[in-house]
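Hydrogens, waters and symmetry mates are skipped; everything else that's a heavy atom, side chains included, is used. Every chain is numbered from 1 and lettered A, B, ... according to where its sequence line falls, protein lines coming before strand lines.
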Amino acid sequence: MNLSIYNTMSREIEPFVPLNEKNVGMYCCGPTVYNFAHIGNLRTYIFEDVLHRILTYNNYQLTHVMNITDVGHLSDDGDEGEDKMVRRSHESGKSVYEIADLYTKAFFEDTNALNIITPDITCKATEHIEHMINLIKRLEEGGHTYISGGNVYFSIDTFPEYGRLARLNLDQLNSGARIEIDENKKNPKDFVLWFTKSKFDNQAMRWPSPWGIGYPGWHIECSAMSMHYLGESFDIHCGGIDHVSVHHTNEIAQSEAATNKPWVKYWVHGEFLINETGKMSKSKGEFLTIPFLKDKGYDPLDYRYFCLLGHYRSQLVFSWTSLDAARSGRRNLMKLVSALSKENEKSVAEITDQKSLSYLQEFEQHINTDLHIPQALATLWTLLKDENVSDEDKRALCSHMDTIFALDLLKEEKEVKIPEQIYALLEKRAQAKIEKKYQEADEVRAIIEEMGYVIKDTKDGPIITKIV
RNA sequence: GGUGCCGUACCCAAGUGGUAAGGGACAGGUCUGCAAAACCUCUAUGCAUCGGUUCGAAUCCGAUCGGCACCUCCA
């Protein structure tokens with residue numbers, strides 16, 4: 001089975017052919033840790049996790065690298081605007097390093113809760129300043145830079161390929177329409193490699209460099225770190241769709257101008273989670289987080305399931321109604337799986353039944369064709385409802401498919417301890433029912449429900465469960 | 001102003017030339033003192049609108065309307 005994936009560079013679904021046989025390098029743009037990640041941010045990491053799992057599924061030896069941007073970003077490319085990390089630091093009274101640690105930790109708590117596999121290498125920008133400086137030196141030697149107003153700029157006119165990924169039409173771009181043009185730039189699309197001047201006198205993060213004490217521009221960190229860990233050419237670079245036209249475009253310019261060779265083979269971008277008013281954004285202030293969802297009674301995996309229901313290249317519309325639908329759907333899925341007989345454990349390799357094998361093939365075809373996870377999930381549902389497939393085959397297939405979905409399909413539900421008090425009330429209701437005092441029985445049931453438990457009457461007597 | 005994506009049932013959402021996946025919700029049924037739960041069954045002659053190509057169109061082409069994103073830090 002061959003893997004194919006959509007490449008933003010060609011705008012086509014291409015067969016996946018790695019640069020080096022079985023060893024695959026993948027770099028994913030990570031979080032800027034100046035605030036909590038919202039569920040829109042996390043959608044992208046879920047998609048990257050699925051890609052990670054599919055590559056591993058196909059027996060590739062994957063090296064997955066993700067950066068942690070713990071250097072502050074200015075709110076624009078000029079030497080204007082506010083540094084987000086610094087602002088956060090002022091607001092909270094913590095140091096910028098404390099801020100970064102706090103939100104880095106929170107980020108990984110979120111991704112762990114979502115069953116996202118931690119990348120093989122996670123690297124902090126602040127620990128790779130030297131690599132960035134070396135890369136800027138190479139660019140300088142190649143004549144791709146100039147110094148203006150104290151900052152080092154990349155000159156896009158020295159890189160004829162500039163804008164190919166985003167198919168930018170440089171003549172028609174309306175630079176400066178929304179922000180003021182940096183007067184130091186020769187070309188409005190030039191960008192900063194190294195800042196030496198800052199309007200923040202108390203800028204905590206500063207490093208010495210050949211151009212003076214300062215800090216790196218935003219784009220250089222990804223180029224420097226990805227090449228440090230994956231080499232000067234590697235297979236896959238992922239990120240959110242918003243990065244296509246600026247961040248990734250600039251990364252390509254820097255990297256290829258420095259090395260004079262092709263940098264990344266496959267560009268893979270995840271679309272946004274949106275709501276009625278458009279995209280969720282940190283700068284708008286109000287946004288949803290995983291801890292918030294948990295407080296509202298959702299399992300983080302409800303959100304993961306919700307994301308898997310849509311294709312990664314389509315915008316996904318968030319609403320509480322659709323999250324509820326995902327939660328119900330996931331619970332029903334878990335019920336179907338847990339109802340399967342647990343006798344005769346077997347692995348997929350031991351499956352011989354043609355019908356079962358056809359489900360396996362269908363599943364593989366879906367996941368290997370540009371991550372068609374929604375169809376793969378439909379295959380799972382159809383399989384579970386198919387009366388012609390044995391329970392042991394179903395369990396084996398579920399376990400196998402869950403290496404991609406990561407929904408903890410076979411995880412047993414935790415036993416919830418029911419307080420003695422509730423059992424006493426249950427007894428009271430049973431007695432009332434025997435005496436046909438139904439009004440009293442209903443009243444007791446209402447009390448039990450108020451205490452957070454729900455009664456299900458079955459042929460074998462009442463079952464009590466905790467309301468989630 | 002430039003660029004890209006999208007519009008499928010009550011909701012979410014697959015499907016890119018061969019006659020509309022899947023989930024949720026709703027409704028009906030079985031069960032029940034009632035309810036909940038469980039189980040079973042059902043739900044788009046039609047895919048924004050109009051026109052065209054074709055034996056055949058949700059799928060291709062054109063126009064119109066509507067939505068979203070990017071060209072600012074953003075996943």
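- Between A/Tyr215 and A/Ile129, every side-chain heavy-atom pair lies at or beyond the 4.5 Å cut-off.
- With a 3.5 Å ceiling on both atom-pair distances, the Watson-Crick or G-U wobble partner of B/rA27 is B/rU41.
- Rounded to the nearest Å, the gap between the C1' atom of B/rA69 and that of B/rC61 is 25 Å.
- Between the side chain of A/Arg11 and the base of B/rC5, no donor-acceptor pair of N or O atoms lies under 3.5 Å.
- Atom P of B/rC10 sits at a distance of 13 Å from the matching atom of B/rG46, rounded to the whole Å.
- Nearest nucleotide to the side chain of A/Gln315, out of B/rA69, B/rA38, B/rC73: B/rA69.
- The interatomic distance linking A/Tyr438 (OH) with B/rG33 (P) rounds to 6 Å, in whole Å.
- A donor and an acceptor atom sit less than 3.5 Å apart, one in the side chain of A/Arg445 and one in the base of B/rA35.
- If you take atom P in B/rC50 and the same atom in B/rC12, they sit 22 Å apart, rounded to whole Å.
- Between B/rU53 and B/rA58, the two P atoms lie 16 Å apart (nearest whole Å).
- The distance between the ring centers of A/Tyr153 and A/Phe191 does not fall below 6.0 angstrom.
- Among the protein residues, A/Tyr45 comes within range of the sugar-phosphate backbone only, with heavy atoms under 4.0 Å from sugar or phosphate atoms but none that close to a base.
- To the nearest angstrom, P of B/rA13 lies 16 Å from CZ of A/Arg313.
- Salt bridge absent: A/Lys186 and A/Asp157 never bring a charged side-chain N and a carboxylate O closer than 4.0 Å.
- With the nearest nucleotide of RNA chain B identified for both A/Gln439 and A/Gly40, A/Gln439 has the one nearer the 5' end.
- At the heavy-atom level, A/Gly270 lies nowhere under 4.0 Å from the strands shown.
- Between A/Lys105 and A/Asp101, none of the side-chain N atoms (NZ, or NE/NH1/NH2) sits under 4.0 Å from a carboxylate O, so this pair counts as no salt bridge.
- The shortest distance between the side-chain N/O atoms of A/Lys189 and the OP1/OP2 oxygens of B/rC71 is not below 4.0 Å.
- As rounded to whole Å, 13 Å separates atom C1' of B/rA69 from atom CG of A/Leu273.
- Residues A/Asp70 and A/Tyr103 bring no donor and acceptor atom of their side chains to less than 3.5 Å of each other.
- Base contact: A/Arg429 has a heavy atom under 4.0 Å from a base atom.
- The partner of B/rU53 cannot be assigned: no Watson-Crick or G-U wobble pair with both contacts below 3.5 Å exists in any strand.
- Outside the 6.0 Å centre-distance limit, the rings of A/Tyr45 and A/His52 are not counted as a close aromatic pair.
- Comparing A/Ser319 and A/Leu336, the nucleotide of RNA chain B nearest to each residue sits closer to the 5' end for A/Ser319.
- In this structure, A/Phe16 has its ring center closer than 6.0 angstrom to the ring center of A/Tyr266.
- No salt bridge links A/Asp393 with A/Lys355; every basic N to acidic carboxylate O contact stays at or beyond 4.0 Å.
- Distance noted for atom C1' between B/rA48 and B/rG66: 8 Å (whole Å).
- When both pairing distances are held under 3.5 Å, B/rA35 makes no Watson-Crick or G-U pair with any nucleotide shown.
- A/Lys433 comes within contact range of at least one nucleobase, with a heavy-atom separation under 4.0 Å.
- Base pairing analysis places B/rG22 opposite B/rC12; the two distances defining the Watson-Crick or G-U wobble pair are each below 3.5 Å.
- B/rC65 is paired with B/rG7 under the criterion used here, namely a Watson-Crick or G-U wobble arrangement in which both key atom distances are under 3.5 Å.
- In this structure, A/Ile274 places its CD1 atom 13 Å from C1' of B/rA13, rounding to the nearest Å.
- If you take CG of A/Leu426 and P of B/rA36, they are 18 Å apart, rounded to a whole angstrom.
- Put simply, CD1 on A/Ile68 is 12 Å from P on B/rA75, counting in whole angstrom units.
- Contact record, A/Arg53 with A/Thr403: NH1-O, 3.0 Å, taken as the closest heavy-atom pair.
- Comparing B/rA35 with B/rA44, their P atoms sit 28 Å apart, to the nearest whole Å.
- Note: NE2 (A/His243) to P (B/rU72) measures 13 Å, nearest angstrom.
- To the nearest whole angstrom, the two P atoms, one in B/rG7 and one in B/rA14, are 9 Å apart.
- Looking at A/Asp302 and A/Arg330, a side-chain N of the basic residue comes within less than 4.0 Å of a carboxylate O on the acidic one, giving a salt bridge.
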>> I'd like to compare against my own output: the B/S/- annotation of nucleotides 15-29 of chain B with a strict under-4.0 Å heavy-atom distance to protein.
In response: S-----BSSSS----

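- To the nearest angstrom, P of B/rA75 lies 14 Å from CD1 of A/Ile116.
- Under the Watson-Crick and G-U wobble criteria, each requiring two contacts below 3.5 Å, nucleotide B/rC70 is paired to B/rG2.
- Rounded to whole Å, the C1' atom of B/rC31 lies 32 Å from the corresponding atom of B/rA21.
- As judged by a 4.0 angstrom heavy-atom cut-off over every strand, A/Leu316 is placed among residues touching the sugar-phosphate backbone only.
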